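Contents: one structure, followed by commentary.
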Amino acid sequence: MKSRDIPGLMVNPFTRIAGLQAFAVGLVFILLMGIIGTYSRVSFDGALDMHIGNQQSLLHSFSLLAIDLVCIVSIMWVTGLIISKGFRFVDILGTMTLAKAPLIILAVAGYFTKSPDLTAVLNDPAVLYHSTSFILVTILSVPVSIWSIVLMYHALKISCDVKGNKLAFAFIIAVLVSEIISKILILKLV
Amino acid sequence: MLPTYCPSCHAQLKVKCLKCESCQTEVSGSYDLPVLALLSSEDQQFILRFVINSGSLKEMASELKLSYPTVRNMLNEIIHKIDRNEK
């Protein structure tokens, strides 16, 4: 791999890695996210969501991540069935799992964040603006989430061999549906 | 690389003349180029490697250091080009 290839691979590693190999690497990241997130109080409570400051057990942290992953993979798989003629489930599974890898940055960043007390926030939401580390992590969450979404977009594109408006439209719908379903499942199951 | 399109108007070229190097006989006419000859040299190379690898996309992916779906997408792209050329 040449150094000039690295920026391209950061946003689309799926030209090189997909299927079970991507799934294995993605699972390692998710495992680390679950463990680090538990201790840094970062919960990934939605297909695209993350929140800081929630006390949680390892089981709770992994349950959230499992729901997120199942929702994204299954919705993207259904999307693939609709928009593509032939693709492998294992490619969707692997690439979508790996697409969540950048979120580990937020799990780590949570360690350095002093989140305001929930009761204080409820009484006066302006308290949030007094925590510099909280604001910094919130700002950091924007590019990291975008990075993860870009990876998911390329994951669907490479796995299903679809391009153009059809891909963009299907992807936006799929992401929104995944987010809604994951939120409902988290509310009902966790 | 065999030229396949007219450098002036970009229309598809035809074979006008073939020559035997042994007896110098020339056969003239207007023959279509083979479908594979109309593809780019990269695409022809891909097809060659695909045949050498017994049509195994997994082996192709491993040889090209690319993922399986990427190689499958490259093959799909070549199939589209062949379909277009045949029409």
Side-chain angles (χ1 to χ4, degrees), chain A residues 1-6 8-27 72-73 76-77 79-81 83-99 101 150-164 166-167 170-171, chain B residues 1-14 32-87:
Chain A
M1 184 172 59
K2 291 169 188 163
S3 58
R4 69 169 186 269
D5 295 341
I6 292 172
L9 288 175
M10 296 281 278
V11 290
N12 186 11
F14 310 119
T15 52
R16 299 287 179 91
I17 183 170
L20 282 178
Q21 207 183 354
F23 182 61
V25 177
L27 264 191
I72 286 178
V73 170
M76 292 296 176
W77 175 64
T79 307
L81 289 176
I83 64 170
S84 176
K85 282 181 198 158
F87 68 98
R88 302 188 311 172
F89 172 74
V90 74
D91 288 326
I92 288 281
L93 176 71
T95 55
M96 288 298 163
T97 307
L98 188 56
V150 169
L151 285 175
M152 284 164 62
Y153 177 82
H154 286 297
L156 187 66
K157 182 181 172 183
I158 296 271
S159 300
C160 297
D161 193 18
V162 188
K163 291 171 192 158
K166 187 176 163 187
L167 170 69
F171 177 74
Chain B
M1 177 71 193
L2 185 70
T4 54
Y5 288 94
C6 171
S8 173
C9 71
H10 304 291
Q12 208 172 87
L13 294 172
K14 294 217 171 199
D32 286 332
L33 283 164
V35 175
L36 292 180
L38 296 173
L39 297 171
S40 67
S41 59
E42 290 84 14
D43 290 344
Q44 289 178 25
Q45 195 61 30
F46 182 92
I47 293 169
L48 188 67
R49 300 307 313 166
F50 185 62
V51 173
I52 288 169
N53 281 302
S54 309
S56 165
L57 287 176
K58 273 186 187 168
E59 282 182 31
M60 285 284 286
S62 161
E63 186 180 302
L64 298 170
K65 293 188 173 64
L66 294 171
S67 67
Y68 177 92
T70 303
V71 175
R72 190 203 55 215
N73 296 349
M74 288 163 80
L75 181 63
N76 286 345
E77 190 62 39
I78 292 173
I79 293 169
H80 286 308
K81 285 181 188 171
I82 291 173
D83 282 344
R84 274 201 303 268
N85 288 336
E86 281 190 329
K87 282 173 192 169

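Note that this is a predicted model, so its numbers are computed, not measured.
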Among residues at least two apart in sequence or on other chains, which ones pass ring pair (Phe, Tyr, Trp, His ring centres under 6.0 Å) with A:Y153? A:F171

Chain B contact residues among residues 90-98 of chain A, heavy-atom distance under 4.5 Å: A:D91

Is chain B contacted by the side chain of [X], its backbone, both, or neither, given a heavy-atom distance below 4.5 Å?
X	result
A:K85	neither
A:I158	both
A:S159	backbone

Counting distance only, does the side-chain N/O of B:S67 pair as donor-acceptor with the main-chain N or O of A:F14 below 3.5 Å? yes

What heavy-atom pair brings A:F87 and A:L81 nearest, and what distance separates the two atoms? CE2-N, 3.4 Å

Report, by ascending residue number, the residues of residues 33-58 of chain B in heavy-atom contact with chain A at a distance under 4.5 Å; give 'none' if the set is empty. B:K58

What residues of residues 68-78 of chain B sit under 4.5 Å from chain A when you count only heavy atoms? B:Y68, B:P69, B:T70, B:R72, B:N73, B:N76, B:E77

Taking it one step at a time, do A:V162 and A:K157 satisfy side-chain contact (heavy atoms from CB on, under 4.5 Å)? CA-CA 5 Å; A:V162 188; A:K157 182 181 172 183; over 6 Å; no

Distance from A:I72 atom CD1 to A:M152 atom CE, nearest 0.5 Å? 4.0 Å

